[in-house]
Every structure is written in C-alpha cells, then in structure tokens.
> 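Sharing a structure below in structure tokens format, with a few things to ask.
Computed from heavy atoms alone, side chains included, the values below leave out hydrogens, waters and symmetry copies. Here is the naming used below: chain letters follow the sequence lines, and residue numbers restart at 1 for every chain. Only a predicted model underlies this, so the values are computations on that prediction, with no experimental measurement involved.
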Amino acid sequence: MLNRYRGENPYRGFESLPLRSFPPHADTLPRMTQNGPRLRFAPSPTGYLHVGGARTALFNWLYARKTGGTFILRIEDTDQARSTEAHTQVILDGLSWLGVTWDEGPYFQGAEGARHRADAMRLLESGRAYRCFCTREELEAQRQSAPAGGDGFRYDRRCHRLDAETVARRVAAGDRFAVRFLMPDEEIAWDDAVHGRISFHGKDLDDLVILRSDGTPIYNLAVVSDDIAMRITHVVRGDDHISNTPKQIALYRALGAPIPVFGHVPMILGPDGKKLSKRHGATAVGDYRDKGILPAAMRNFLALLGWAPGEDREILAEADLIALFSLEAIQKKPAVFDFTKLEWMNGQYLSALPAEALEPEVRRDLDRLGVPAPDRPIGPLIDAVKSRARTVLQIAERVAVRLDPGRAVLEPKGEALIRKMGPAYRTSLGLAVQALEALPATAWDPTAIYEAIKGQAEASGVKLGDAMQPIRVALTGDTVSEPVNELLAVVGRSTALEHLARARDRQD
RNA sequence: GGCCCCAUCGUCUAACGGUUAGGACACCACUCUUUCAAGGUGGUAACACGGGUUCGAUUCCCGUUGGGGCUACCA
C-alpha cells in the first residue's frame with residue numbers, strides 16, 4: 001500500500017479537483033425527502049451487525065420517520081483489509097430484517113477518497129492544516145522522550161514551524177508528508193441532543209493527522225467530509241464518539257460548513273456490566289433471528305433499551321414508537337442487555353400471532369432440525385405449544401417432539417419426577433396405555449382421552465395429576481406442556497401409544 | 001497521566017424541588033385448572049457517598065468514590 005506512492009508526490013493534481021457531491025445529487029432526491037432532517041447510520045462492514053449498532057440505526061430511523069426526514073445508509077469500508085461485499089450484505093440483511101429501511105444508499109465511503117483528499121487540500125491551502133514530514137519512527141521517538149513516558153504526548157508542531165521555502169523544497173524533492181490539522185486554541189462546545197451541553201478546549205486536543213502520507217484519509221476527516229457532502233443534519237451515534245466530536249466540529253468550522261446536531265447514544269453492556277462483546281454470547285442481530293426472535297419484538301426491545309416513551313408502556317407498535325420517540329428522552333447511561341426480557345417480549349408478540357403466520361418460520365426451523373413435515377398440517381401443533389413458548393425456535397423444537405416423541409430430551413424436572421415416583425412411574429404409564437388402547441382411532445380426541453385417563457385414575461385410586469404427569473414426561477421429557485389430553489391428541493394415537501409403551505418397558 | 005461522559009430496585013426504566021419513589025422483566029406467594037402452563041392478584045427489592053443551595057432535595061451546584069470513552073499516519 002505504502003509502496004504505491006513511493007517517490008512521487010501523492011497530491012499532484014488534487015488541488016484542482018472540484019468538490020464532488022455525494023450521489024445522488026440534490027435534485028435527484030425523492031421529493032418527499034427534499035427537506036427535513038437527514039440522518040445516517042454508518043457501520044463498518046465487519047461481518048455482522050452488532051445489537052448496539054442496530055439500536056443506533058433504529059434510533060436514527062425512528063427520528064427520521066417521526067420528523068419526515070431522510071435516513072441514509074453509508075458503509076464505512078475504508079478498512080480495505082476487513083471489508084468485503086459479503087460483510088456489507090450481512091448488515092443490509094440485518095437492518096432489513098429489523099424493518100429499519102433506508103431512503104438513500106448504501107453509499108460507500110471508500111469511493112470518496114478524491115473528495116476527502118480535496119477537502120484536506122482546501123484546509124492545507126487555507127492554512128488550517130499543514131504538511132508534517134515527521135515519519136512514524138520520528139514520532140515514536142518524540143513520544144518516548146516526552147515527560148510522562150509518552151503518556152500525555154501531543155505533537156509539538158515542529159513541522160508547522162517550518163518556513164515556506166523549506167516546505168516547498170522538501171515537497172519538490174518528493175519528501176513524503178502527512179497532512180495535519182492545526183487545532184485552533186478555542187472552546188469547542190455543542191448542545192448534545194441526549195447529553196446537553198458538552199464542552200472541550202482546543203488546547204487539550206492534538207493536531208490530528210487528517211491525511212496519511214499515502215494520500216488516504218483518516219477517519220475523522222472522512223466522516224466530516226462525507227457528512228457535509230451528504231448534507232447530514234443530525235449525527236446520532238455511539239457514546240464512544242463523544243471525544244471525536246470536538247475534533248470534527250473544528251473540521252466543520254475550518255471547512256466553513258454548518259455544524260449538525262449531535263446526539264450520543266450510550267453503549268450496551270453485557271450481564272456483567274462490561275461492554276457487550278462476543279464472549280457474552282449472541283451479539284449480532286442475526287443470532288437473534290436464528291433463535292426465533294421476531295423482528296417486531298427485537299425492534300420493540302431495542303427501542304426500549306436506553307429509551308422510554310415516558311408512559312408505563314412496554315409493548316409498543318411501530319407507529320407508537322415513531323410517534324413517541326425523541327432524542328432527548330434517550331438515556332445517558334449505558335444499559336445492560338437483558339435477554340430474558342427480550343424473550344418475554346417475544347412471547348408477547350408470539351401469542352398475538354395466529355398459527356398460520358408462524359407456519360413458514362416453523363417449517364424452516366423444522367427442516368433445519370431435521371424433522372421436515374411437508375405433508376402434515378402443523379397448525380394444530382403450533383397452537384398446542386405456542387402459548388408456552390417464547391421463541392419460534394422453541395415452538396419448532398416442541399412441534400418436532402410432538403411429531404416424533406423419540407427426540408424428546410429428558411429435562412432435569414422430568415428426571416426428578418421419575419425419580420420421585422419410583423416404580424409408580426412405570427405402573428402409571430402401564431395403566432394409561434391400557435386405558436388408551438381401549439380407545440378406537442375414531443374416538444381419539446381430547447375429550448375422550450380425558451375421560452379415559454380420568455376413568456382409569458379413579459378406578460385405580462390415583463390423583464389425576466399423578467396419572468397425567470408421567471404421560472407428559474414420557475412424551476416430552478418435560479413437566480410443562482399443553483394439557484396432557486391435548487398433547488395425546490396432537491401426537492396421534494399410534495405414535496403416542498408406541499412411545500408410552502416404550503417408556504413403560506424401558507429398563508434403566 | 002490529560003481531556004470528556006455517566007450514576008433510581010438484580011435488570012430495563014418513570015419522576016423534570018413537596019410522591020407511601022410508579023411501571024416492566026426476573027424472583028416468591030396466592031389464585032384459577034379433578035393434569036402443565038399461560039392468565040389474574042399480591043409481595044420482596046432502589047434514589048452510590050459527603051458537602052452545600054432551599055422552608056423542603058432522588059431532582060439544582062460542588063466534591064468524593066465507582067464505572068466508561070478518547071488520548072494512532074485505527075475506525
């Protein structure tokens with residue numbers, strides 16, 4: 001990469017480059033979005049969409065929808081090593097799944113190098129930036145010799161003090177240089193939409209490099225250059241960018257561009273209070289899709305993580321989220337991602353959906369679990385397990401067990417029950433089989449099954465629960481299921497009897 | 001080290017100087033159910049600490065402590 005520019009002035013010709021506007025040009029924008037706020041979500045294509053990023057995108061989207069603004073997607077693919085089309089696609093898929101749709105883009109930052117360089121050159125010409133001939137090695141040496149062992153090191157502007165002749169001579173000689181921004185000695189403050197006023201002072205900030213000696217832009221320049229070109233009015237992004245903001249505001253000022261509204265959203269933490277990362281388990285929105293979380297539930301949950309509508313409401317439809325949303329109501333402190341609550345919320349959405357709506361998803365999972373049932377209507381099975389499940393995947397797993405009780409895994413509670421009942425467990429199953437066998441296939445329905453088991457329980461003097469629970473455990477491995485008579489009906493006579501008999505005869 | 005941000009139940013949060021500090025998840029109990037849940041009802045549980053300001057502070061100000069971010073020719 002560096003070799004490419006060796007021995008030549010990487011900036012030759014850039015001075016005369018016109019400022020390009022980001023596509024699409026203003027007059028190609030959709031009419032409805034001509035005016036109003038313009039917001040963007042600008043992820044790096046790292047191969048997955050982190051829930052924190054998803055929430056940031058959601059907040060941007062909610063605000064744009066609420067205000068009739070425009071939501072723009074920009075892929076920050078300047079890290080060529082990590083960026084691939086496949087990675088970008090994962091992010092687009094994740095956002096689409098969540099229902100966070102963009103009005104413009106995706107644009108690619110990597111394609112805008114010429115404008116980034118042109119902006120840097122403008123700064124150079126106006127004296128707001130200067131050429132720095134220091135090499136990495138020299139910088140490192142300066143850092144080492146700094147007082148606090150390089151801790152509070154700030155560039156000493158030695159290259160800014162170079163006289164014009166020296167600079168001209170070195171440029172002519174083809175010396176490589178980076179472009180450094182001359183940080184003004186002034187207060188830099190803004191009214192953050194979520195934090196209120198935040199203030200820095202230029203004297204505490206370094207003269208940051210904005211263009212590398214190979215002519216590629218540094219992040220802070222690229223972002224500002226892009227946001228100006230895209231006419232972004234509201235920058236809503238992660239908390240970790242607070243300390244980048246004064247640098248960027250200084251760049252806006254130097255470039256003579258209007259400064260957008262900034263809103264800094266806190267990050268999301270894992271259960272241990274540390275920043276949510278892969279070691280906490282699922283952190284990508286794709287993971288939640290795979291677990292069987294519904295997009296509407298995920299959206300609702302994410303919106304409520306760090307934001308509250310101000311009423312005691314938890315389940316909010318998309319329209320309510322949009323109507324109630326405001327940047328000011330976003331929490332200032334980070335929030336812990338509570339998967340249990342997400343599951344609860346998903347369960348709420350699940351129970352509101354009819355079986356037919358869930359069927360395609362459940363069938364997909366059934367295929368994945370290796371229990372395809374293309375010829376069987378699974379609606380009744382879904383209805384049987386739906387109210388007790390919290391994810392689509394759980395529904396599919398339970399449907400699979402009802403299709404084939406052989407794949408039931410014995411849960412600790414089921415095991416405990418078997419142990420507690422002792423020999424009575426198998427005796428009870430035996431009696432159940434006897435009673436049920438007497439039922440003809442034509443009478444295999446919940447009511448008849450219930451009567452059969454009840455009659456058998458009364459005849460042998462056991463409580464109904466003690467007659468039911470062994471059947472439940474034998475068929476599902478668990479102590480929780482739909483009512484046992486319904487379970488038997490849904491599993492079907494021959495399959496149910498076969499597995500009950502097998503459980504009764506099992507030696508262990 | 002320097003600069004900056006943050007702080008209400010275990011968790012997500014409400015409160016915008018005066019409340020028995022409210023709701024939700026989780027947990028516990030009860031209730032429905034001659035079987036499991038779901039549901040319903042109730043309960044346990046919080047203003048980090050210290051100074052101010054004020055008639056009155058969870059709320060405003062300062063400090064302490066504790067978290068976190070940035071401090072690269074990373075993004």
Side-chain angles (χ1 to χ4, degrees), chain A residues 2 42-44 46 76-79 82 109 132 134-136 139-140 143 146-154 176-180 192 194-195 198-201 203-206 208-220 222-223 238-247 264 266-267 269 271 273-275 301 304-315 329 331-345 347 351 385-389 413 450 453-454 457-458 463-473 476 478-487:
Chain A
L2 289 175
S44 300
T46 51
E76 309 221 317
D77 59 342
T78 49
D79 187 345
R82 284 190 300 170
Q109 185 166 67
C132 179
C134 296
T135 63
R136 283 173 193 268
L139 254 14
E140 188 48 40
R143 205 178 317 263
D151 243 1
F153 173 74
R154 232 171 304 138
R176 297 165 52 80
F177 59 85
V179 176
R180 249 181 219 281
D192 196 275
V194 347
H195 289 269
I198 298 179
S199 169
F200 286 78
H201 198 98
K203 69 173 167 11
D204 296 321
L205 272 22
D206 208 353
L208 63 151
V209 168
I210 53 177
L211 208 59
R212 295 186 187 87
S213 47
D214 68 358
T216 58
I218 287 296
Y219 172 74
N220 279 306
V223 168
D239 232 349
D240 47 336
H241 285 288
I242 286 182
S243 41
N244 279 325
T245 305
K247 303 172 193 173
H264 288 95
M267 47 189 41
L269 272 23
K274 302 285 184 193
K275 183 176 176 175
F301 176 75
L304 257 39
L305 202 56
W307 172 77
E311 311 168 26
D312 289 335
R313 292 221 275 158
E314 301 283 337
I315 305 295
Q331 201 74 16
K332 292 202 262 293
K333 68 161 183 177
V336 173
F337 191 95
D338 183 359
F339 181 67
T340 306
K341 185 160 183 178
L342 204 211
E343 277 200 325
W344 164 79
M345 188 168 280
S351 55
V385 301
K386 191 162 75 84
S387 72
R388 266 157 292 263
K413 285 210 175 152
Y450 176 78
I453 297 174
K454 186 181 163 196
E458 278 170 357
K463 286 192 292 185
L464 190 57
D466 289 339
M468 294 287 197
Q469 207 60 329
I471 299 174
R472 177 173 280 129
V473 171
T476 69
D478 203 352
T479 57
V480 176
S481 84
E482 64 273 39
V484 169
N485 53 325
E486 289 173 27
L487 170 68

> Does B:C30 have a Watson-Crick or wobble partner in any strand here, with both distances under 3.5 angstrom, and which is it?
B:G40
> Does a distance-only test, which skips hydrogens and angles, find a donor-acceptor pair under 3.5 Å between the side chain of A:Asn244 and the base of B:A75?
yes
> Side chain of A:Met267 only, please: which of B:G69, B:C74, B:C4 is the nearest?
B:G69
> If every non-hydrogen atom of A:Thr479 is compared with every non-hydrogen atom of A:Gln469, which pair is closest and at what distance?
O-NE2, 3.4 Å
> For the C1' atoms, the ones on B:C4 and on B:G43, what distance do you get once it is rounded to whole angstrom?
43 Å
> Check whether the side chains of A:Arg472 and A:Thr476 place a donor and an acceptor atom closer than 3.5 Å, and report yes or no.
no
> Within less than 4.0 Å of OP1 or OP2 of B:U71, is there a side-chain N or O belonging to A:Arg143?
no
> Relative to the 5' end of RNA chain B, which residue comes earlier, A:Asp240 or A:Phe200, by the nucleotide with the nearest heavy atom?
A:Phe200
> How far, in whole Å, is B:C49 from B:A57 if one measures between their P atoms?
15 Å
> Look at the side chain of A:Lys333 and decide which nucleotide, out of B:C5, B:U11, B:A7, has an atom nearest to it.
B:A7
> Ignoring the backbone of A:Gln469, work out which of B:U35, B:U13, B:A75 is nearest its side chain.
B:U35
> When you get a sec, tell me which of B:C12, B:U34, B:C5 is the closest nucleotide to the side chain of A:Leu464?
B:U34
> Is there a Watson-Crick or G-U wobble partner for B:C70 with both distances under 3.5 Å, and which nucleotide is it?
B:G2
> Going by atom types only, do A:His264 and A:Asp192 share a side-chain donor-acceptor pair under 3.5 Å?
yes
> Would you kindly check whether a donor in the side chain of A:Lys454 faces an acceptor in the base of B:U34, or vice versa, at under 3.5 angstrom?
yes
> Spell out yes or no: do the side chain of A:Ser213 and the base of B:C73 have one donor N/O and one acceptor N/O closer than 3.5 Å?
yes
> Check the distance between B:G69's P and A:Asn220's CG and give it to me in whole angstrom.
18 Å
> Establish, with yes or no, whether the OP1 or OP2 oxygen of B:G69 is under 4.0 angstrom from a side-chain nitrogen or oxygen of A:His241.
no
> Return the pairing partner of B:C49 with a 3.5 Å limit on both distances, Watson-Crick or G-U wobble; otherwise return none.
B:G63
> Is there a side-chain polar atom (N or O) of A:Lys274 under 4.0 Å from OP1 or OP2 of B:G68?
yes
> With respect to the side chain of A:Lys247, which nucleotide from B:U71, B:U35, B:A75 is positioned closest?
B:U71
> Please lay out, stage by stage, how A:Asn244 and A:His241 fare under the test side chain to side chain donor-acceptor pair (under 3.5 Å).
CA-CA 5 Å; A:Asn244 279 325; A:His241 285 288; 3.2 Å; yes
> Between B:U44 and B:C62, how far apart are the P atoms? Round to whole Å, please.
37 Å
> Taking the side chain of A:Val484 as heavy atoms from C-beta outward, which of B:C25, B:C6, B:U35 is closest to it?
B:U35
> Does any N or O donor sit under 3.5 Å from an N or O acceptor when you compare the side chain of A:Glu311 with the base of B:G23?
no
> Think A:Arg180 has a side-chain N or O under 4.0 angstrom from the OP1 or OP2 of B:C73?
yes
> If we call it a pair only when both distances are under 3.5 Å in a Watson-Crick or G-U wobble match, what pairs with B:U19?
none
> Looking for any heavy atom pair under 4.0 Å, which part of the strands does A:Gly238 touch: base, sugar-phosphate only, or nothing?
nothing
> Tell me whether the OP1 or OP2 atom of B:A14 has a side-chain N or O from A:Gln331 closer than 4.0 Å.
yes
> With respect to the side chain of A:Met468, which nucleotide from B:U34, B:C5, B:U35 is positioned closest?
B:U35
> Side chain of A:Ile198 only, heavy atoms from C-beta on: which candidate in B:U11, B:A75, B:C5 is closest?
B:C5
> Which nucleotide in the list B:A24, B:C4, B:A37 gets nearest to the side chain of A:Ile242?
B:C4
> Is the shortest side-chain N/O distance from A:Arg212 to OP1 or OP2 of B:A75 below 4.0 Å?
yes
> From B:A14, B:A75, B:U34, pick the nucleotide closest to the side chain of A:Tyr450?
B:U34
> Hey, is the side chain of A:Lys341 pairing donor to acceptor with the base of B:A26 inside 3.5 Å?
no
